Structure formats: structure tokens, C-alpha cells
Amino acid sequence: MIDIKLIEAQPARFKEAARTKKFDVDIDRLLEVYDELKTLRQKVQDIATEKNRIGKAVPKMAEQQRKQAIAELSEFKEQEQKYDERIKELEPQFEELMLLVPQPAGDDVPVGEDDTENVEIRREGQIRKFDFKPKDHIELGTALDIIDVERGVKLSGTRNYFLKGDGALLHWAVLRFSLEHMKAKGYVPLMVPLLVRDEAMRGTAYYPGGEDQAYRMEKDELNLVGTAEVPLTAYHMGEILQKEQLPAKYVSMSSCFRREAGAAGKDTYGLYRIHQFDKVEQVVVCENDEQESDKYHAEILHNSEEVLQALELPYRVVNVCTGDLGRGQIKKFDIETWMPSRENYCETHSASKFGEFQSRRMNLRYKDTESKKNIFCHTLNNTVIASPRVLIPILELYQNADGSVTVPKVLRPYMGKDRITR
RNA sequence: GGAGCAGUGGCAGAGUGGUUGAUUGCGACGGUCUUGAAAACCGUUGUGCCGUAAGGCACCGGGGGUUCGAAUCCCUCCUGCUCCGCCA
């Protein structure tokens, strides 16, 4: 959410942000509603002042005087009710519009329509050249009996799967390795609730807008999270933190659930786009300071790169363009890992910088020691590893001519073997 | 799921319809005293909104209602606790 005063001061800036980010919001209407609300609130306040003044004297009045005063107060009350009605009409409109205003992208974010215009920053690692015809991860996984899509679909429909034997173990190995990597860096591990209230979804800016992407438990009015970012960031929702608590760094390993509505026919093959997966996620809550925010943005990007480097996977980092940014993101680095079967670098990580956008929505603040003011925090998050998506490059890049798969060095302690064979 | 109790300022804890934004204690901060510290004493100590300011308004878990007037009465939701039932 954006400070209404900023919108008031520079409406053009937010119209432009909506345009380049491809979000639709009527800024003019928002300001209209706000102006009317302000006027009405002032009127109601003036009436309240008058009512309080008279009301205070009532108990001391003589009977005759009192009757007169009470009659007068009734009139005020009627006026007040008239204004209140209109306010109650406008407030929900105001809230709704406010939730839709996008955060302008940072100055160093490329302007572009969609993900094809994201700008590559750098590449790391060598792409493997095969001296045999490589298989894709489904061919490999099916032959090795470690991936079973058919039975996943039998039980749960399309985009569902089983991981079996070494497949399941490999999945847990990358997660465990990544979690421990973050733990060693001082990130506090949290085991989080995966069913959350609408408040948490709104606070992290998944709602409004992302309702179709989430599974919702209608009976209980709870939502299955699509990422641990939601509970991790909303952990301190509504709180006023001490400055010493910042930066708060959290890491979680959790299942993630996505309906993938509107993605019908897209990425239907394999384990790339699926309804349920597991992810290690990192979240930083820091002071309201641009430099601090940038520092932690670089840090969380670096943390994830270290994991990919440890796994010896080739990847590239891209600066995500305006058209591909979320409503609240100031800036986003995606890490795309090389996937042989897709003959491309594909998104495996997404490092977002939100400024105070999420904090405002969830009323997350800290007490500034100097000014004694309560200030909105900054929030950031990044994937540490998401599996089974990352199993695609692992299986495909580590495959051998005989159909076996070498286990990446850092995962061997978790697997207890260095090769997956039939 | 059934029955009951509770939710007040950083914490503890008063307040059951009228100058109560809220007694008091602790904590914290400032000051006096002291070589220093402790003790003692004095003072300050919630948040949001409107306003250049003076000042005003709102908030006693959330929302709604009764009333001229509500922390105090009513409804509803949320949260916590106790007992019973069920259960990985």
C-alpha cells in the first residue's frame, strides 16, 4: 500500500507506475473519494467537538436547561448520522482502490512489457555439452522409477506427481542442504502455518488480485499459501518491533500450493509447473532505509547463488522489467537455472524488494530510537531452493550415458550414495 | 463439538453509564542529591487522523447497536483460559 499523501502529491507518478507495470487502477477516482472523505471527516469532527462541549455541561445543568441542551444535541446527532452514512459508503471504496495502487518500480528497473524484456545481468557456470543424446527429467525419472507422474495424476489430477525412492530422497536432500545453508548464516528457521487468513494474503499483497491462484478453504475462510513468504513476512503483522530486532531474518521450509489457474496448456510437461511443491524461503524485515534495503536485497540474492554454486548448476541473474513486476515490488532479480530439456534458462528463484509496501498493508512497524516514531519496516524475500523444479536441472545435467544420475557432491551426505541407478 | 470464564496503556492491575485517554504499582526516560552508584524526591512516559500552530477528533480485542452521553449496557465476530467429548 502506498501513502495516500504521496499519491495526492504526485498522482502522475502513480498513474505512470500503473501503466508501466500493467496494473489497472483509477487514481483520479481514488483522489476524488479521498477528497470527499476528508471533507466529510472534517465536518463530523466539528460536530463532535460541539457535541462534546455541550455534553460535558449537561450533568451540571438545571432541569429546564438540560432539556434544551439535549434537544440541541439530538439535532447534531442527526446531521452527524447523515455524514456518517456517506462515509461508510466511501470508506470501502477508498480501501479497495488503495489496495490496487502499484508501487512504482525503482529507477534502475528496465521498462518492458513482459518477461521477454527482462535484462540479463550476468551468467555463472558452464553449460554442459553432452556427447550422447541426453534425456529429459521425466524420461530419466520414469526409467529410474524415482518420478511417477501417472499415479500423481490418477490421485490428484493434472500437475500432480509422486517422487519415489531416491527421487524423494533427492528432493529432501536439496531442501535440507539449503535450509542448513541459511541456518549457518544466522537466519532463524520457522515452521509456519500454511493455512492463513485473508489478512495475511492481503498484507503480503497476494490479495486482491491473486485469489484465483490460491486454494481456499471456504468453510474456514482460510487460504493455502503459495509460498512461505506469506507466513514468514506476516509473522510480525500488526506489531511494533524494537529497532534492535532488525534486521529480522527468517528461513522456512514449507510446502507451497498453487492453482495455476489461467496457465492451462502452459508448461504442461514435467515437473516445471505443478500444484504442490516444497520450498526453502528467506525473508528479511529491515529498517526503513533505501541503502539497508538494497544491502539485504543483494544479500538474499547472494545466499541463493551460493546454493546454486554449491550444486554446481549454471544459471543467470536477470533484472526483471516493469511489466513483469508484481504490484508491490520495487525491484526483482530472478535467477534462472539452465534446463537442458527446455533449452533455456528458466526461473528457479525470485528475489523481491518491497520497500514499505507490504509493511503498510499489514501495519508492521518498528520504534525508531532517535525520533521515537513508529516507522514502517522494509521487507524482502527470495527463494533459497524450490523443489522439484530444481530437480529438473539436477537430473538432466548430472545424467550419465547409461541413464544413471550422479548425485551432486554437496548432497551426497544426505543421500548416502553418489549415484542414482535403476 | 458441548459447557463456562476472560480480553483495559511496555508489563501488572483499578475502573459497571456523565469533565476518565482512563486511579495505582512496576519498568523506562529526564532532573535534584552523590566522588560514583544505589536509595529517596520531582517530572515525563500509548497510537492514529485534521491543523503552520494553538488546538481539535478518534481509539479501553474487532465490528455493530442502545443513549443527549459507553471502557462501563446489548448483539456479533476474533483471541486466550478451564472442564467434558473426540483424536494424529
Side-chain angles (χ1 to χ4, degrees), chain A residues 1-9 30-99 191-203 207 216-224 231 234-246 248 254-255 288 356 359-377:
Chain A
M1 197 144 67
I2 306 293
D3 186 350
I4 182 64
K5 284 177 182 160
L6 281 181
I7 302 172
E8 213 178 12
L30 172 64
L31 290 172
E32 240 173 70
V33 171
Y34 180 60
D35 277 342
E36 191 179 345
L37 263 179
K38 254 200 320 200
T39 315
L40 288 167
R41 282 176 180 148
Q42 188 58 50
K43 283 180 177 164
V44 168
Q45 188 184 312
D46 291 344
I47 291 169
T49 308
E50 201 48 28
K51 271 173 62 186
N52 286 346
R53 195 182 60 78
I54 299 171
K56 271 182 187 170
V58 165
K60 296 182 215 156
M61 285 173 181
E63 193 57 30
Q64 193 57 27
Q65 244 184 326
R66 180 187 298 216
K67 270 188 185 154
Q68 208 184 329
I70 286 173
E72 210 178 328
L73 283 168
S74 298
E75 274 176 49
F76 276 125
K77 199 184 177 183
E78 263 175 54
Q79 282 184 48
E80 194 183 19
Q81 267 165 358
K82 201 181 69 193
Y83 292 133
D84 268 341
E85 257 173 58
R86 182 64 181 152
I87 288 175
K88 274 175 194 158
E89 224 171 85
L90 290 174
E91 263 172 352
Q93 294 181 36
F94 178 71
E95 291 302 320
E96 196 187 318
L97 285 163
M98 281 299 280
L99 289 175
M191 158 70 203
V192 300
L194 301 182
L195 283 165
V196 302
R197 295 218 169 99
D198 293 345
E199 229 182 325
M201 297 298 279
R202 248 195 318 271
Y207 290 177
R216 183 173 167 80
M217 310 292 130
E218 207 50 67
K219 261 190 234 168
D220 302 287
E221 298 185 304
L222 291 169
N223 310 278
L224 261 178
Y235 180 62
H236 290 298
M237 178 165 73
E239 297 181 21
I240 299 173
L241 304 174
Q242 295 305 306
K243 200 171 178 177
E244 300 75 56
Q245 292 176 261
L246 303 177
S254 85
S255 292
N288 192 310
E356 56 180 48
S359 291
R360 273 187 180 275
R361 287 175 165 242
M362 64 174 85
N363 202 21
L364 164 55
R365 296 170 293 172
Y366 67 98
K367 182 152 308 268
D368 185 56
T369 26
E370 289 90 64
S371 66
K372 309 259 190 205
K373 290 266 186 212
N374 296 330
I375 302 177
F376 290 109
C377 301

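Letters go in sequence order (proteins before strands), and every chain restarts at 1. This structure is a prediction, so every number in the text was calculated from the model and none was measured. Scope of the values below: all heavy atoms of this structure, side chains included, with no hydrogens, waters or symmetry mates.
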Pairwise 5' ranking along RNA chain B for A/Y34 and A/Q81, keeping only the more 5' one: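 Nearer the 5' end of the strand: A/Y34.
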
Between A/K38 and A/L73, which is nearer to the 5' end of RNA chain B once each is assigned its nearest nucleotide?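 It is A/K38 whose nearest nucleotide is closer to the 5' end.
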
May I ask you to evaluate whether [X] reaches the phosphate of [N], defined as a side-chain N or O under 4.0 Å from OP1 or OP2?
X: A/R197; N: B/rU79; result: yes
X: A/K88; N: B/rG63; result: no
X: A/K367; N: B/rU47; result: yes
X: A/Y83; N: B/rC57; result: no
X: A/R53; N: B/rU19; result: no

Roughly, in whole Å, what's the span from [atom1] in [X] to [atom2] in [N]?
X: A/F76; N: B/rG69; atom1: CZ; atom2: P; result: 13 Å
X: A/I47; N: B/rG69; atom1: CD1; atom2: P; result: 13 Å
X: A/I54; N: B/rG56; atom1: CD1; atom2: C1'; result: 16 Å
X: A/D220; N: B/rC78; atom1: CG; atom2: C1'; result: 15 Å
X: A/I87; N: B/rA58; atom1: CD1; atom2: C1'; result: 12 Å
X: A/R41; N: B/rC59; atom1: CZ; atom2: C1'; result: 14 Å
X: A/Q42; N: B/rG56; atom1: CD; atom2: P; result: 14 Å
X: A/M237; N: B/rG62; atom1: CE; atom2: C1'; result: 13 Å

G-U wobble or Watson-Crick pairing nucleotide for [N] (cut-off 3.5 Å, both distances):
N: B/rA38; result: none
N: B/rC68; result: B/rG18
N: B/rG48; result: B/rC57
N: B/rG43; result: B/rC29
N: B/rC81; result: B/rG4
N: B/rU24; result: B/rA12

So, [X] and [Y], do they make that salt bridge, N to O below 4.0 Å?
X: A/K77; Y: A/D84; answer: no
X: A/E8; Y: A/K38; answer: yes
X: A/E85; Y: A/K88; answer: no

Say we look at [N] and [M]: how far apart would their [atom1] atoms be, to the nearest angstrom?
N: B/rC11; M: B/rU16; atom1: P; answer: 23 Å
N: B/rU20; M: B/rG1; atom1: C1'; answer: 42 Å
N: B/rC29; M: B/rU34; atom1: P; answer: 22 Å
N: B/rG51; M: B/rA58; atom1: C1'; answer: 15 Å
N: B/rA28; M: B/rG10; atom1: C1'; answer: 8 Å
N: B/rG69; M: B/rG18; atom1: C1'; answer: 6 Å
N: B/rG30; M: B/rA14; atom1: C1'; answer: 28 Å
N: B/rU23; M: B/rU72; atom1: C1'; answer: 16 Å

Stepwise, does the side-chain contact (heavy atoms from CB on, under 4.5 Å) test hold for A/R41 with A/E91? CA-CA 11 Å; A/R41 282 176 180 148; A/E91 263 172 352; 3.0 Å; yes

Between A/M201 and A/V196, is a side-chain contact (heavy atoms from CB on, under 4.5 Å) present by the stated rule, with each step listed? CA-CA 7 Å; A/M201 297 298 279; A/V196 302; 3.8 Å; yes

The side chain of [X] is closest to which nucleotide in this list: [options]?
X: A/N374; options: B/rC50, B/rG48, B/rG65; answer: B/rG48
X: A/K5; options: B/rC50, B/rG48, B/rG69; answer: B/rC50
X: A/N52; options: B/rC68, B/rC50, B/rC57; answer: B/rC57
X: A/A48; options: B/rG64, B/rC68, B/rA58; answer: B/rA58
X: A/I70; options: B/rC68, B/rG48, B/rG55; answer: B/rC68

What do the steps show when you test A/R53 against A/E50 for salt bridge (Lys or Arg N to Asp or Glu O under 4.0 Å), and what is the final call? CA-CA 5 Å; A/R53 195 182 60 78; A/E50 201 48 28; 2.6 Å; yes

So for atom NZ, which belongs to A/K67, do other residues, nucleotides or ligands contribute more than 12 heavy atoms lying within a distance under 6.0 Å?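 Result for NZ/A/K67: open.
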
Taking CE in A/M191 as the centre, count heavy atoms belonging to other residues, nucleotides or ligands within less than 6.0 Å. Is the count above 12?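 Counting other residues, nucleotides and ligands, CE of A/M191 stays at 12 neighbours or fewer.
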
